[in-house]
Amino acid sequence: MAFLGVLKDKAINTFNEVILDRKIGGDGLTKEQKFCHLYHLPDEERIVQDSNVVVVYTSDHSDPKAKNKGHHRYNSYEDDEYEAHFQGRLFLTQHFLIFRDSHDYRDCSFILQLSTIKKVERETASFDYNFVLSLTTVSKLHIKLYFSGGIRSDNERFAQSLSMTLKRNQSNIKKLKPFVQTCYSEYILSKNKVSNEVIEHSPPGGLGLVFKFPGNAKESKDKFKVKLWFDFFKENGRNLSLIKTPMFYKLIRVGLPNRLRGEIWELCCGSMYLRLDHQGEYEKLLLDNKDKTSLAIEEIQKDLNRSLPEYAAYQSPDGIESLRKVLTAFSWKNPEVGYCQAMNIVVAALLIYMSEEQAFWTLNVLCDRIVPGYYSKTMYGTLLDQRVFESLVQTTMPILWEHICKNDIQLSVVSLPWFLSLYLSSMPLVFAFRILDIFFMQGPKTLFQVALGILKINGEELLKTEDDGTFISIIKEYFLTLDSSAHPNSPQLKYRNITKFQDLLAVSFKEFATIDDETIQSHRSKHRDTIYQNISTFVKRTEIRHLPKTPNIPQGTLDVLYDRFYSQVEVSNITKGSGSSSVDFKSFVKFLSEVCDWVHFDEGEADTIPDNHFLKRLFKSWDTENQDALSFADLLVGLNSLVESDLMTAMSNFFQLYDIKKNNKIDREGILRISEDLLYITTPWKEGYLLDQITRTAVENEVADAVLKKQMESGNGEGSEDQNEPIDLPSHIEVNKEKLAAEQAERYLQAASTFINRAFEYAQPEEEELLIKDLAIDEKLKHNAALDPTHPVYLNLATFRMVILADETYELLFSSTLRDSIHLDRPLNAKFDPMRNIRDMFDGLLADGRKVANKVRMRMDSRASQQSQEGSSSSSLRSGRSKTAPTTASSRDEEDEERDDDFGVISIDEKDKDMLLATEAQLLGETVENRPDIKEQLKKFHERDNNDSGAKLADGKRPENLIEFET
């Protein structure tokens, strides 16, 4: 029991971690996914081992005199008192070794790709640490890991896991050499004899190498910045084996040098790791999809010349071609997103500092992780963050927010381009790239902090505005003067030298430092449902507005059908924003089962439905694009034809399902297929789950007769001069449902048999003239043309209509019965309960009593009239019966006295049933023994009759197959 209890606890903990953790923040991420996002790792990474450690590192190129520059929060008890010690958590995954300082991640953190670790050694344990590992990387970093706690066996297990993981990664080492050849950090170290890598040519870079980088390199001190990064790389590693220290973040904040900007961007966002793992995939995507076209490619082509047109590269074929290739490759890799608004501006900016492959993988990370939902059909991420931004303005600048609300200024109109284009279309490029430096380093909170800083700095002028136009013009003027002095009238020179852009950075990242990721996530969770609902409503209205005309489906029903359709679609329209989802055949059957009474859905049986089944025929007929899937428009058009109210059009729609060649001819196989499909469609009526109008009329007559009988017995059946006198209905009436169901079942089976006979009787031969000898056919075939393969016949639309109209049941099927069994406006959570259908119909019959009362009134009036003329009550009751009641629905005795009080139990001659079913089988060219479905029908009839024979119980109780009506 204790063992089972432990298993139970583990299961509960797993559920809490995997399932409940998805609800935290509403981001739908598991614990492992959040870990990967935090450290910018590929989604496939999982934690193998973790432990608390103290990290000390040195480099072969470190300046010995600079050791005391380390952070002295943790002191070593060994001789080297100047080494900086960092205590934190160490994680081992399948391809990475990750460390993060527990006090402040900016003090020390690293993400080492395991292929960069050349050697692992175990060192002698000291008094303070029971286990020590020493690592050496390809960048000549020496990292010591002091395991500061835990059981020694756990530390041994960590070392063993590290050793095994390194062995499994040996095959990936060959990827490392060609990859580092593309890194500029490795190139400058190699040229200065610091790296052992031999790199003869400068790595591929962005378009800025050809068309020059924005801004003035001399004014931005680009060479000096490169020297600072060179020194940092020597002491702290580079690219895949870099250790981040406070200097790393300082160098980014002062602005990245042009040549290193692309590499640092992809290192910060993690796209560098994707590029390493998927070398060659970018080129393969372009090659595999060469000369292919798509809607996304057409949209890309339209926007190519509108992507940063002020930059020289995008006024030349080379720059335009690079932009087109990256956007096209992304659309093929992410077809559910394809191409979206403002994506061209962002990629154009990336390509100035990155190669095409670098920009491609950076774009993937940008769309999937950093700003999810920004670049989608619905732009749900941008719209959500606009609401978050408004909420932050309301919290941090209430006076300005009150002014904005008072003058009905649409703040989102002003700020939406900032977020969507990452300030690239708003600020001069030289300043927008400085924002991007910090954005890739610290994430989307940068966008909010800068936006709040812009409003804060311009707050006094914005309070004077009263409309959107003036508000926007003030911000535009501010962006155009970012390089001017922020304090031109200051008496101190150092303040006069501070530009407006530098002032913006100070205000944004100091005054709004409290706007962190947790705050933003909290606001997103608060407003997410509202934004999703608004987007869903907008997308629904847009799609419904562009649907084909469906005159047979009310406008209000489209909303219900839309929700039901997309409940079958696995892809979320909001998150993906594709707007082009479709359902496969299995989902199609499930959809129909929720709206059609004659469709049953079973998870296991849906995959085994044969190709000649009626549902498969419907699916293929509605699939106009031959994609083996139905869009919402396809489904709606099909449903519109299925619920056609015009009888002639309804029969024509059904006929067209079998007119495969579209020549107004259905051959022998098609006729047989129609008969079988009619049997399938009418299953609920054959099995008594549903009642058609003929049976309903019979029920009404039965109930009216019962009421009249009770009226006569109570002495209230005499004619009354007051026609408006109400008729009191009894509290309950008993009607034999088995009798009604049996009559209806026989009628539908008879209709199927009649259809076969008449279809082949009136079918036309393929030949216009028949030879005399052809008329001398075998006697067996003479009675059944379907069995004569030598004389093909066909059924045209006119003949099909004639055959259907000749049978009352099938005429009613196409005029109303089938349409009434399709409930397009049924709520999503409603379920069809066939066993209650007859009872519900009876309950509705006596709900207001008007139909029954009218029929009783007619019988009473007729009875009184005949009594005065003939003086015979028995004949008056007979003549008072409704003349409109179908003969197939009433099988009463000629005299009331001979009728049973409880309407009796129908007894059907076994010979009649066997003959009817055998006739159906014979007409289909089969025998009863070869038709298990017919044998099953016969079995049901036998069982039903056996049950009915004991309907009247010896103790006087009412039989179970009788239904009591409550009023």
Minimal heavy-atom distance between Gly208 and Tyr311, with the atoms involved, is CA-OH, 3.3 Å
Shortest non-hydrogen contact from Pro444 toward Ile370
CG-O, 3.6 Å
Are Phe99 and Leu112 side-chain neighbours, meaning at least one heavy-atom pair lies under 4.5 Å?
no
Where Phe91 and Asp50 come nearest, the two heavy atoms and their spacing
CD2-CB, 3.5 Å
Donor-acceptor contact present, side-chain Gln181 to main-chain Pro203, <3.5 Å
no
Output the distance between atom CG (Leu240) and atom OG (Ser185), rounded to the nearest 0.5 Å.
8.5 Å
Show your working on side-chain contact (heavy atoms from CB on, under 4.5 Å) between Leu505 and Arg434 and close with a plain yes or no.
CA-CA 10 Å; Leu505 295 183; Arg434 290 285 305 276; 3.6 Å; yes
Closer than 4.0 angstrom, basic N to acidic O: yes or no for Glu281 and Lys333?
yes
Without swapping roles, check the side chain of Ser522 against the backbone of Glu518 for a donor-acceptor pair under 3.5 Å.
no
Donor-acceptor pair, Thr446 side chain versus Gln442 backbone, under 3.5 Å?
no
Can you confirm whether more than 12 heavy atoms, excluding those of Arg106, are under 6.0 Å from its CZ atom?
no
Quick check for you: to the nearest 0.5 Å, what is the distance between Tyr184 atom OH and Asn258 atom CG?
10.5 Å
Establish, from distance only, whether the side-chain atoms of Thr362 and Ser271 form a donor-acceptor pair under 3.5 Å.
yes
Over 60° means perpendicular and under 30° means parallel, so classify the ring planes of Tyr282 and Phe360, tilted if in between.
tilted
With no hydrogens and no angle check, is any side-chain donor or acceptor of Tyr375 less than 3.5 Å from a backbone partner on Leu420?
yes
Could you tell me if the side chain of Ile345 sits less than 4.5 Å from the side chain of Asp303, heavy atoms only?
no
Passes side-chain hydrogen bond (donor to acceptor under 3.5 Å, both in side chains), Thr382 versus Asp385? Steps please.
CA-CA 5 Å; Thr382 316; Asp385 279 357; over 6 Å; no
From Met354 CE over to Glu266 CD, what is the distance, rounded to the nearest 0.5 angstrom?
5.5 Å
Can you confirm whether or not the ring centre of Phe248 sits under 6.0 Å from the ring centre of Trp229?
yes
Measure up the His523 and His527 rings against each other and bin them: parallel (under 30°), tilted (30 to 60°), perpendicular (over 60°).
parallel
Using 0.5 Å steps for rounding, measure from the CZ atom of Arg100 to the CD1 atom of Ile111.
9.5 Å
Looking at side-chain heavy atoms only, is the closest gap between Phe35 and Thr30 below 4.5 Å?
no
Using the rule given for side-chain contact (heavy atoms from CB on, under 4.5 Å), can you reason through Ile98 versus Phe110, listing the C-alpha separation, both sets of side-chain angles and the distance that settles it, and then say yes or no?
CA-CA 6 Å; Ile98 304 108; Phe110 58 74; over 6 Å; no
Heavy-atom closest pair, residues Ser294 and Trp332
CB-CH2, 4.0 Å
Pick out which of Val346, Leu422, Leu256 makes a side-chain contact (heavy atoms from CB on, under 4.5 Å) with Leu436.
Leu422
Do Asn239 and Glu186 pair up side chain to side chain, a donor and an acceptor below 3.5 Å, judged on atom types alone?
yes
What verdict does the side-chain contact (heavy atoms from CB on, under 4.5 Å) test give for Glu263 and Arg259, after you've listed the backbone C-alpha separation in whole Å, the side-chain angles of each residue and the deciding distance to 0.1 Å?
CA-CA 8 Å; Glu263 181 180 333; Arg259 199 59 179 84; over 6 Å; no
Work out which heavy atom in Leu323 is nearest to a heavy atom in Asn344; give both atom names and the distance.
CD1-O, 3.8 Å
Is there side-chain contact between Asp43 and His37, with heavy atoms separated by less than 4.5 Å?
yes
Relative to the ring of Trp418, is the ring of Phe389 parallel (under 30°), tilted (30 to 60°) or perpendicular (over 60°)?
perpendicular
Report yes if some heavy atom in the side chain of Leu267 is under 4.5 Å from a heavy atom in the side chain of Tyr273; otherwise report no.
yes
One pair to check against side-chain contact (heavy atoms from CB on, under 4.5 Å): Phe509 and Val450. What are the steps and the verdict?
CA-CA 8 Å; Phe509 301 121; Val450 173; 4.0 Å; yes
Parallel, tilted or perpendicular: ring planes of Tyr353 versus Phe433, cut at 30 and 60 degrees:
perpendicular
Are the charged groups of Arg261 and Asp437 less than 4.0 angstrom apart, N to O?
yes
Residues Asp623, Lys620: salt bridge by 4.0 Å N-O rule:
no
Are side-chain N/O atoms of Asp634 and Ser631 paired as donor and acceptor at under 3.5 Å?
yes
Has the side chain of Thr182 got a donor or acceptor atom that lies under 3.5 Å from a matching backbone atom of Pro178?
no
Any donor-acceptor N/O pair, Tyr339 side chain to Gln301 backbone, under 3.5 Å:
no
Please examine the side chains of Gln358 and Ser355, heavy atoms only from C-beta on, and report whether any two atoms are closer than 4.5 Å.
yes
Looking at Ala348, is its backbone amide N or carbonyl O close enough to the side chain of Tyr314 to form a donor-acceptor pair, meaning the two atoms are under 3.5 Å apart?
yes
How far apart are the closest heavy atoms of Val48 and Gln94, and which atoms are they?
CG2-N, 4.0 Å
Return yes if some donor-acceptor pair links the side-chain N/O of Asn334 with the main-chain N/O of Gly338 below 3.5 Å, else return no.
no
Judged by atom type as modelled, is there a donor-acceptor pair below 3.5 Å linking the side chain of Thr519 to the main-chain atoms of Ile515?
no
Any donor and acceptor pair, going by atom type alone, linking the side chain of Glu32 with main-chain N or O of Ile47 inside 3.5 Å?
no
Is the closest side-chain donor-acceptor distance between His95 and Gln113 under 3.5 Å?
no
Looking only at side chains, do Gln449 and Ser508 share a donor and an acceptor under 3.5 Å apart?
no
Please determine if Lys590 and Glu594 form a salt bridge, counting it only when a charged side-chain N lies under 4.0 Å from a carboxylate O.
yes
So do Val583 and Phe591 actually touch side chain to side chain, heavy atoms under 4.5 Å?
no
Supply the atom-to-atom distance Asn169 CG to Ser115 OG, rounded to the nearest 0.5 angstrom.
5.0 Å
Using side-chain heavy atoms (C-beta onward) and a distance below 4.5 Å, is Phe479 in contact with Ile454?
yes
How are the rings of Tyr380 and Tyr532 set to each other: parallel, tilted or perpendicular (split at 30° and 60°)?
perpendicular
Would you compute the distance between atom CG of Leu416 and atom CD of Gln386 and round it to the nearest 0.5 angstrom?
5.0 Å
Looking at Arg387 and Glu390, is any side-chain nitrogen of the basic one under 4.0 Å from a carboxylate oxygen of the acidic one?
yes
